[in-house]
Amino acid sequence: MLTELEKYHLELPSSVEQINKVEQLVDALKEDLAFSDEIYGNMIVSITEAVNNAIIHGNGQDETKKVSVRLATDANHLIFVIEDEGKGFDYNNLPDPTAPENLEKPTGRGVFLMKNLSDMVIFNEAGNQVEIHFKL
């Protein structure tokens, strides 16, 4: 059974300057729940990547559009739900960032990092909401 952790919800304007609020949220979580440094590091990278993608790609840095960060838990997982107000994207057809032709590109690794640093990543059908699961 999922339990919402409303204390940790954020609703942010779509500005990259807001990323520090996400970092503060993860810092507060680590202090409250005392999970390992490894989970903390994976969480910081994954969640900031997801929020950054939502701000830049999802909402096009339109500060009138919001990015929502919600947190839920079950017996063994912390589950972040990040949602933007954009039209979404086709998460099934992303270029492989490890392919030789993509190694030198400065972008395109966010979803790859999220999938490799968390226990599960689930996009909604539209591609404007992602759940990122971390086993505790």
Side-chain angles (χ1 to χ4, degrees):
M1 179 174 158
L2 282 179
T3 304
E4 291 281 327
L5 298 176
E6 292 185 30
K7 170 183 174 182
Y8 299 102
H9 290 190
L10 294 174
E11 191 164 295
L12 307 168
S14 292
S15 167
V16 292
E17 287 79 29
Q18 299 296 313
I19 294 294
N20 69 324
K21 292 182 181 171
V22 177
E23 294 167 347
Q24 292 168 1
L25 172 90
V26 177
D27 288 346
L29 268 171
K30 177 151 178 25
E31 189 171 307
D32 291 350
L33 302 178
F35 44 78
S36 74
D37 289 342
E38 180 180 0
I39 291 173
Y40 170 79
N42 291 346
M43 202 176 280
I44 273 282
V45 172
S46 299
I47 303 312
T48 57
E49 281 290 339
V51 171
N52 199 49
N53 283 349
I55 290 169
I56 294 171
H57 303 294
N59 289 342
Q61 297 187 63
D62 177 348
E63 292 188 33
T64 65
K65 293 182 177 180
K66 303 292 184 205
V67 173
S68 167
V69 179
R70 296 187 324 270
L71 189 64
T73 186
D74 65 16
N76 301 315
H77 294 89
L78 278 177
I79 303 159
F80 288 83
V81 180
I82 296 99
E83 185 171 10
D84 61 59
E85 295 181 36
K87 65 182 187 298
F89 74 108
D90 184 357
Y91 51 87
N92 288 313
N93 289 309
L94 295 173
D96 178 359
T98 65
E101 66 272 14
N102 295 326
L103 290 176
E104 299 294 322
K105 291 183 179 177
T107 62
R109 293 174 185 81
V111 173
F112 176 83
L113 288 169
M114 288 184 268
K115 287 181 175 181
N116 283 281
L117 296 175
S118 68
D119 293 295
M120 187 182 328
V121 174
I122 303 169
F123 288 96
N124 70 348
E125 190 173 327
N128 69 337
Q129 177 184 304
V130 62
E131 286 184 19
I132 306 174
H133 296 233
F134 295 91
K135 189 170 185 170
L136 296 178

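The residues of the chain are indexed from 1 along the displayed sequence. Bear in mind that the values here come from a model prediction, so they are computed numbers and not experimental data.
Summarising the geometry of Asn124 relative to Gly127, their closest heavy-atom pair is OD1-N, 2.8 Å, with the distance given to 0.1 Å. Counting all heavy atoms, side chain and backbone alike, Val26 lies closest to Phe35 at O-CZ, 4.4 Å. The two atoms that bring Phe80 and Val69 nearest to each other are CD2-CG1, 4.3 Å, heavy atoms only. Shortest non-hydrogen contact noted between Ile122 and Met120 is CD1-SD, 3.4 Å. Taking each heavy atom of Asp74 and Asn76 in turn, the nearest pair found is OD1-N, 2.9 Å. The minimum heavy-atom distance linking Glu131 with Val81 is given by the pair CG-CG2, 3.9 Å.
Classification of Glu83 and Arg70 as a salt-bridged pair holds, one side-chain N sitting under 4.0 Å from a carboxylate O.
Taking CE of Met114 as the reference point, atom OG of Ser46 lies at 7.5 Å (rounded to 0.5 Å). For the atom pair CG of Asn128 and CG of Asn53, the computed distance is 13.0 Å after rounding to the nearest 0.5 Å. Note that the NZ atom of Lys7 and the CG atom of Leu25 stand 10.0 Å from one another [nearest 0.5 Å]. In this structure, CG in Leu12 is found 6.5 Å from NZ in Lys21, a value given to the nearest 0.5 Å. The CD1 atom of Ile56 sits 5.0 Å away from the CD atom of Gln61 when rounded to the nearest 0.5 Å. Atoms CD1 and CG, on Ile82 and Asn52 in that order, are 12.0 Å from each other to the nearest 0.5 Å.
In this structure, the side chain of Gln18 does not engage the main chain of Pro13 through any donor-acceptor pair within 3.5 Å. Checked by atom type and distance alone, the side chain of Asn59 never pairs as donor or acceptor with a backbone atom of Ser14 at under 3.5 Å. At distances below 3.5 Å, at least one donor-acceptor pair connects side-chain atoms of Thr48 with backbone N or O atoms of Val45.
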Subject >> Step-by-step side chain to side chain contact (heavy atoms under 4.5 Å, CB included) determination, Val111 to Phe89 >> reply: CA-CA 12 Å; Val111 173; Phe89 74 108; 4.3 Å; yes
**OP:** Could you check Ile55 against Ile19 for side chain to side chain contact (heavy atoms under 4.5 Å, CB included), going step by step and ending with a plain yes or no?
**Re:** CA-CA 9 Å; Ile55 290 169; Ile19 294 294; 4.2 Å; yes
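Note: the hydrophobic cluster containing Ile44 also contains Ile39 (ILVMFWY, side chain heavy atoms under 4.5 Å, direct or indirect links). A chain of hydrophobic side-chain contacts below 4.5 Å, direct or via other Ile, Leu, Val, Met, Phe, Trp or Tyr residues, connects Ile132 to Leu71. Cluster annotation: Leu117 and Ile47 are assigned to distinct hydrophobic clusters (Ile/Leu/Val/Met/Phe/Trp/Tyr, side-chain heavy-atom contacts under 4.5 Å, transitive). A chain of hydrophobic side-chain contacts below 4.5 Å, direct or via other Ile, Leu, Val, Met, Phe, Trp or Tyr residues, connects Leu5 to Tyr40. When hydrophobic clusters are built by joining Ile, Leu, Val, Met, Phe, Trp and Tyr residues whose side-chain heavy atoms come closer than 4.5 Å, directly or via intermediates, Val130 is grouped together with Tyr8.
When the shell of 6.0 Å around CD of Glu101 is examined, it contains more than 12 heavy atoms from other residues, nucleotides or ligands.
Checked by atom type, the side-chain pair Ser15/Glu17 shows a donor-acceptor distance below 3.5 Å.
The aromatic rings of Tyr91 and Phe123 sit parallel, their planes meeting at an angle under 30°, below the 60° perpendicular limit.
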